K.L.:
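One structure, pasted below without further comment.
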Amino acid sequence: MTERTERDQTIWLDPDFPDAVCIIDQRVLPHGYTEMAVDSVAAMAEAIRTMAVRGAGCIGVAAGFGMYLAALEARGMKAAEADSSLQAAANTLTATRPTATNLSWAANRQLDRLLGIDDDAERVRRALALAQDISDEDIAACRRIGEVGLDLIRAAHKRLGRTVNILTHCNAGWLAFVKHGSATAPIYAARDAGIPIHVFVGESRPRNQGALTAWELRNAGIDHTYLVDSAVGHLIQRGDVDMIFVGADRVTMSGDTANKIGTYLRALAAKESGVPFYVNFPSSTLDPHSFDGIDDIEIEERDGDEVSHVRSKVDGESTMARVLSDGSPVRNPAFDVTPHHMVTGLITERGLCEASPEAVAKLFPDYVARAG
Ligand code: MRU
């Protein structure tokens with residue numbers, strides 16, 4: 001599949017591509033727009049690993065649909081063989097990226113539903129139904145996050161009596177979920193409510209997911225400004241930022257948060273200047289099995305080429321350009337952890353929650369039970 005009309009949903013089924021799952025190929029954004037049909041577990045794992053599909057919520061949904069592809073691949077197998085094939089598929093999908101908890105959350109939900117079913121058609125039917133449920137839940141959760149965050153923007157607007165300046169980081173927009181986004185959901189809701197807002201978008205090197213957020217905001221007609229990452233502290237210090245919304249790739253039961261590299265520095269600057277710092281996430285991103293973010297969350301280290309090069313558009317062509325001289329070693333940690341005491345509040349589909357172990361346990365008693 002190639003150039004088609006731009007849409008507002010990252011992952012979907014298309015009757016023209018039976019036995020496949022369609023995604024926007026985010027590797028070519030914002031310089032181009034391409035959709036692709038993913039027709040095997042291996043292809044879905046590769047799409048997640050190479051970030052054709054990316055963002056914690058979106059890769060969770062992709063893993064859910066990946067397990068539907070696994071059920072298709074298990075047709076004709078004996079029950080025990082089908083079970084081990086499904087288990088292998090879940091392992092493959094989960095191993096693609098280590099930090100976002102949504103991957104294992106979705107794959108394990110599918111395993112709970114599918115293992116032991118000795119009927120091909122029934123297995124496929126259940127896998128597809130659950131994949132669609134996971135996708136629908138993601139959409140509903142993000143919409144609700146928008147409503148909860150909107151109350152905060154509305155209050156800020158009332159207090160300030162002017163345009164509210166919001167800073168976000170990375171892309172926690174609809175591209176990182178199925179629709180709406182988490183950090184951007186209140187922004188879209190404020191636009192719809194007619195509240196004047198302006199959004200500062202950090203570039204989010206090395207992969208410049210901020211450019212994806214800028215692409216989203218431009219398409220939505222929302223006033224925004226794109227900045228180099230290192231300008232952000234300066235703006236916060238000068239009082240140019242009224243509030244900060246970021247997403248999350250994993251939140252622990254203490255309220256510690258792993259998000260795109262650079263989030264921690266924004267939280268430090270916000271704390272120093274007394275700017276409210278909110279972490280927006282659906283409950284699929286809460287990990288019942290982790291508590292201390294520094295100790296318990298594995299941080300993905302990615303290819304150094306992402307640091308030594310930048311993707312750019314030259315003569316209409318999207319290309320990788322080297323910015324570093326040869327011979328210098330690089331490191332590329334993709335995420336960092338912001339401790340809960342630096343977070344003003346957690347915005348979830350269940351409501352606004354203080355970032356503390358007690359408040360998380362109170363809002364998510366079912367997660368406490370799952371942790372054992
Ligand atoms: O490495 P990516 O692009 O998959 O990063 C994940 C993210 O989109 C961000 O960390 C985001 O802020 C989390 S919200 C889904």
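Here the structure is a predicted model, which is why all the values come from computation and not from measurement. Read the numbers this way: they start at 1 and go in the same order the structure lists the ligands and their atoms. Each residue takes its place number in the sequence, starting with 1.
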K.L.:
Assess, by modelled atom type and distance only, whether the side chains of Arg250 and Asn259 contain a donor and an acceptor separated by less than 3.5 Å.
P.N.:
no
K.L.:
Ignoring hydrogens, what is the shortest heavy-atom contact between Ile24 and Leu29? Give both atom names and the distance.
P.N.:
CG2-CD1, 4.1 Å
K.L.:
When you look for heavy atoms under 4.0 Å from ligand 1, do you find them on the side chain of Ala248, its backbone, both, or neither?
P.N.:
backbone
K.L.:
Are side-chain N/O atoms of Arg27 and Thr50 paired as donor and acceptor at under 3.5 Å?
P.N.:
yes
K.L.:
Counting only heavy atoms, which portion of Thr263 has something under 4.0 Å from ligand 1: side chain, backbone, both, or neither?
P.N.:
neither
K.L.:
Is Glu301 atom CD crowded by more than 12 heavy atoms from other residues, nucleotides or ligands, each under 6.0 Å away?
P.N.:
yes
K.L.:
Out of Arg54, Gln26, Arg207, indicate the one that has the non-hydrogen atom closest to atom 3 (O) of ligand 1.
P.N.:
Arg54
K.L.:
List ligand 1 atoms under 4.0 Å from Phe177, heavy atoms only on the residue side.
P.N.:
15 (C)
K.L.:
Report yes or no: do Glu354 and Ser356 form a side-chain donor-acceptor pair below 3.5 Å?
P.N.:
yes
K.L.:
Counting only heavy atoms, which portion of Phe281 has something under 4.0 Å from ligand 1: side chain, backbone, both, or neither?
P.N.:
neither
K.L.:
In terms of residue, atom name and distance, what is the protein heavy atom nearest to atom 15 (C) of ligand 1?
P.N.:
Ala56 N, 3.3 Å
K.L.:
Indicate whether any N or O donor in one side chain lies under 3.5 Å from an N or O acceptor in the other, for Glu298 and Thr99.
P.N.:
no
K.L.:
Is the number of heavy atoms from other residues, nucleotides or ligands under 6.0 Å of Arg238 CZ greater than 12?
P.N.:
no
K.L.:
Would you indicate whether the side-chain heavy atoms of Glu137 and Asp133 approach each other to under 4.5 Å?
P.N.:
yes
K.L.:
Please could you name the atoms of ligand 1 that Met51 approaches to less than 4.0 Å, counting only its heavy atoms?
P.N.:
1 (O), 2 (P), 3 (O)
K.L.:
Please say yes or no: joined through hydrophobic side-chain contacts below 4.5 Å, possibly via intermediate residues, are Leu86 and Leu130 part of one cluster?
P.N.:
yes
K.L.:
Do any nitrogen or oxygen atoms of Gly55 come within less than 3.5 Å of a nitrogen or oxygen of ligand 1?
P.N.:
yes
K.L.:
Going by the order shown, which atoms of ligand 1 are within less than 4.0 Å of some heavy atom of Gln209?
P.N.:
1 (O), 2 (P), 3 (O)
K.L.:
Which atom names give the shortest non-hydrogen contact between Thr213 and Cys170, and what distance separates them?
P.N.:
OG1-O, 2.7 Å
K.L.:
If you measure from each non-hydrogen atom of Lys260 to ligand 1, which part falls under 4.0 Å: side chain, backbone, both or neither?
P.N.:
both
K.L.:
Please work out which of Asp336, Val279, Asp249 has its closest non-hydrogen atom nearest to atom 6 (C) of ligand 1.
P.N.:
Asp249
K.L.:
Quick one: nearest non-hydrogen protein atom to atom 9 (C) of ligand 1, plus distance?
P.N.:
Cys170 SG, 3.2 Å
K.L.:
For ligand 1, which atoms sit closer than 4.0 Å to a heavy atom of Asn171?
P.N.:
7 (C), 8 (O), 11 (C)
K.L.:
For atom 13 (C) of ligand 1, grab the closest protein heavy atom and report residue, atom and distance to one decimal in Å.
P.N.:
Asn259 OD1, 3.1 Å
K.L.:
Is Ser182 close to ligand 1, meaning an N/O of one under 3.5 Å from an N/O of the other?
P.N.:
no
K.L.:
Look at atom 4 (O) of ligand 1 and say which protein heavy atom is nearest, naming residue and atom and giving the distance to 0.1 Å.
P.N.:
Arg97 NH1, 2.7 Å
